> 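Below you'll find the structure I mean.
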Amino acid sequence: MVSGNELEIALDQVRARAVGPVAGVFGPDTVTWRIDREAVIFLGAGRALLLQLAHPWVAAAIAEHSKTLADPIGRFHRTFDIVFAMVFGSLDRALSSSRQLHRRHSMIVGEMPETVGPFPAGSRYCANDIPSLRWVHATLVETALMAHDLVLPPFSVAERERYWTESRTFGALFGLTADDLPADWSGFAAYTAAMVQSETLTVSPAAREIAAQIFGGARPWLRPPRWYRALTASLLPERLRLGFGLEFDAPDKRSAENALRWIKRVYPKLPDRLRYVGPYQEALARLRGEPQPDWMTRCLNRAWIGRSQMDVRGKG
């Protein structure tokens, strides 16, 4: 597991690699900024969540410690707030967000309520466990690139390699060291493929219940549209899609394809102010020396992270 001292060692490495105190960890010239600035990455949010839930420890932790079902929008905001702060925040804000995440995870411990896959009933889980963190990190990295490439021109082999190099620094914000992560993109692809085939990813009853509540819609006004549910199902490995009980029949396939065709046609033509997420636009304003984001960026931030400004907290 990642201890507080081990996190600080990893953050020292992040600080040494960071672009600067104002630009933050990555900066505007990185592939990470080019991917994560796109609002279209939301197309992969459902896939990333379900892949995380497919890990029995993650599902048990969410079922027992999270308010996801009671407050799904709040869960969305908290997740994107932390991720975007790490990616687009000032260096102090990124490090503070990393420590905040570690503190939150340190309180998420418990026992498996039943045997699922290789995890026996009564075995202990902890959110700061390195294999679990590695998988959550992988779902975020892989799915962001996948969602980008669904709509926009795909990155070259060299750019993917650069993206993975940057993603290893992103992993350090979780407390993951160089030894915890694959050395290159091919190693990362091999790791994700092996995880999908392994029993480590086994859809538990808790995972199915959470997925059914979110995608089936306990509250009809929060239910994702059919095309989004169908697109999410299409992006999952078949074994896990069946494990979650997600339908993907011919009408679902047409719905996803039609939506994606429309998005590909319209999205690239959107003005940057609508196409790029609020935290990215706030980061650009910070680099220009503006004291706070303008009204439109503040509105976009409320949609993405639940508040008007990303860089408002002090050092953590």
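The first residue of the sequence shown is numbered 1, and numbering continues consecutively from there. Everything quoted here is computed from the prediction, not taken from an experiment.
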> Looking at Val203 and Ala207, what are the two nearest heavy atoms and their distance?
CG1-CB, 4.1 Å

> The test is salt bridge (charged side-chain N to carboxylate O under 4.0 Å, His left out); show your working for Arg273 and Asp294 and say whether it passes.
CA-CA 11 Å; Arg273 292 287 275 163; Asp294 61 21; 2.7 Å; yes

> Go through the structure and list residues passing side-chain contact (heavy atoms from CB on, under 4.5 Å) with Arg124, not counting sequence neighbours.
Val109, Glu111

> Are Arg229 and Glu247 close enough for a salt bridge, meaning some N to O gap below 4.0 Å?
no

> Is the shortest heavy-atom distance from the side chain of Phe88 to the side chain of Val277 under 4.5 Å?
yes

> Do Leu300 and Ile35 belong together in a cluster built from hydrophobic side chains that touch within less than 4.5 Å?
no

> Under 3.5 Å, sequence neighbours excluded: what are the donor-acceptor pairs made by side chains of residues 147-158?
residue	atom	partner	partner atom	Å
Asp149	OD2	Arg160	NH2	2.8
Ser156	OG	Glu159	N	3.1
Ser156	OG	Glu159	OE1	3.3

> Quick one: does Arg99's side chain get under 4.5 Å of Glu8's, heavy atoms only?
yes

> Indicate yes or no for a side-chain donor-acceptor contact from Ser98 to the backbone of Leu173 under 3.5 Å, with no hydrogens or angles considered.
yes

> Please report, to 0.1 Å, the donor-acceptor pairs under 3.5 Å made by any side chain of residues 18-32, with sequence neighbours excluded.
residue	atom	partner	partner atom	Å
Thr30	OG1	Gly27	O	2.7
Thr30	OG1	Trp33	N	3.3
Thr32	OG1	Glu166	OE1	2.7

> Apply side chain to side chain donor-acceptor pair (under 3.5 Å) to Ser186 and list each qualifying residue two or more places apart in sequence or on a separate chain.
Asp184

> Over 60° means perpendicular and under 30° means parallel, so tell me whether Tyr280 and Tyr276 are parallel, tilted or perpendicular.
perpendicular

> Quick one: CD1 on Ile263 to CZ on Arg265, what's the gap to the nearest 0.5 Å?
10.5 Å

> If you look at every heavy atom in Arg168 and Pro182, which pair is closest and at what distance?
NH1-O, 2.6 Å

> With a 4.5 Å heavy-atom cut-off, do Ile305 and Pro279 have their side chains touching?
yes

> Give a yes-or-no answer on whether the side chains of Asn301 and Arg298 include a donor-acceptor pair shorter than 3.5 Å.
no

> Taking the side chain as C-beta and beyond, is there a heavy-atom pair between Met310 and Arg286 under 4.5 Å?
yes

> Check whether any side-chain heavy atom of Val2 lies under 4.5 Å from a side-chain heavy atom of Asp129, and answer yes or no.
no

> For residues 38-58, dump all side-chain donor-acceptor pairs below 3.5 Å to protein atoms at least two apart in sequence or in another chain.
residue	atom	partner	partner atom	Å
Glu38	OE1	Tyr267	OH	2.5
Glu38	OE1	Arg275	NE	2.8
Glu38	OE2	Arg275	NE	3.4
Glu38	OE2	Arg275	NH2	2.9
Arg47	NE	Leu235	O	3.0
Arg47	NH1	Glu142	OE1	3.3
Arg47	NH1	Thr143	OG1	2.7
Arg47	NH2	Glu142	OE1	3.2
Gln52	NE2	Thr139	OG1	2.9
His55	ND1	Trp57	N	3.2

> Thinking salt bridges, do Asp81 and Arg93 make one under a 4.0 Å N-O criterion?
yes

> As an exercise, state the distance from OG of Ser106 to CE of Met1, rounded to the nearest 0.5 Å.
11.0 Å

> Look up atom CZ in Arg15 and atom CG in Asp92, then write down how far apart they are to the nearest 0.5 Å.
8.5 Å

> For Ala59 and Ser204, which heavy atoms make the closest approach, and how far apart are they?
CB-OG, 3.8 Å

> List in chain and number order the residues that pass ring-ring contact (aromatic ring centres under 6.0 Å, His included) with Tyr191, two or more places apart in sequence or in another chain; answer none if no residue qualifies.
none

> With heavy-atom distances below 4.5 Å as the criterion, would you say the side chains of Gln292 and Glu282 are in contact?
no

> Over 60° means perpendicular and under 30° means parallel, so tell me whether Phe174 and His137 are parallel, tilted or perpendicular.
perpendicular

> Does Asn128 offer a backbone N or O that forms a donor-acceptor pair with the side chain of Ser132 under 3.5 Å?
no

> Is the side chain of Glu161 donor-acceptor paired with the backbone N or O of Trp185 at a distance under 3.5 Å, no angle test?
yes

> Between Asp252 (side chain) and Asp249 (backbone), is there a donor-acceptor pair under 3.5 Å?
yes

> To the nearest 0.5 angstrom, please state how far the CD atom of Gln281 sits from the CG atom of Leu274.
8.5 Å

> Starting at CZ of Arg302, measure out to CD of Gln309 and round the result to the nearest 0.5 Å.
10.5 Å

> If you compare all heavy atoms of Trp135 against all heavy atoms of Leu201, which two are closest, and at what distance to 0.1 Å?
CZ2-CD1, 3.4 Å

> Does the side chain of Met296 reach to within under 4.5 Å of the side chain of Cys299, using non-hydrogen atoms?
no

> Just how far is it from atom CD1 of Ile9 to atom CD of Glu6, taken to the nearest 0.5 Å?
6.5 Å

> Is the shortest side-chain heavy-atom distance between Ser234 and Phe248 below 4.5 Å?
yes

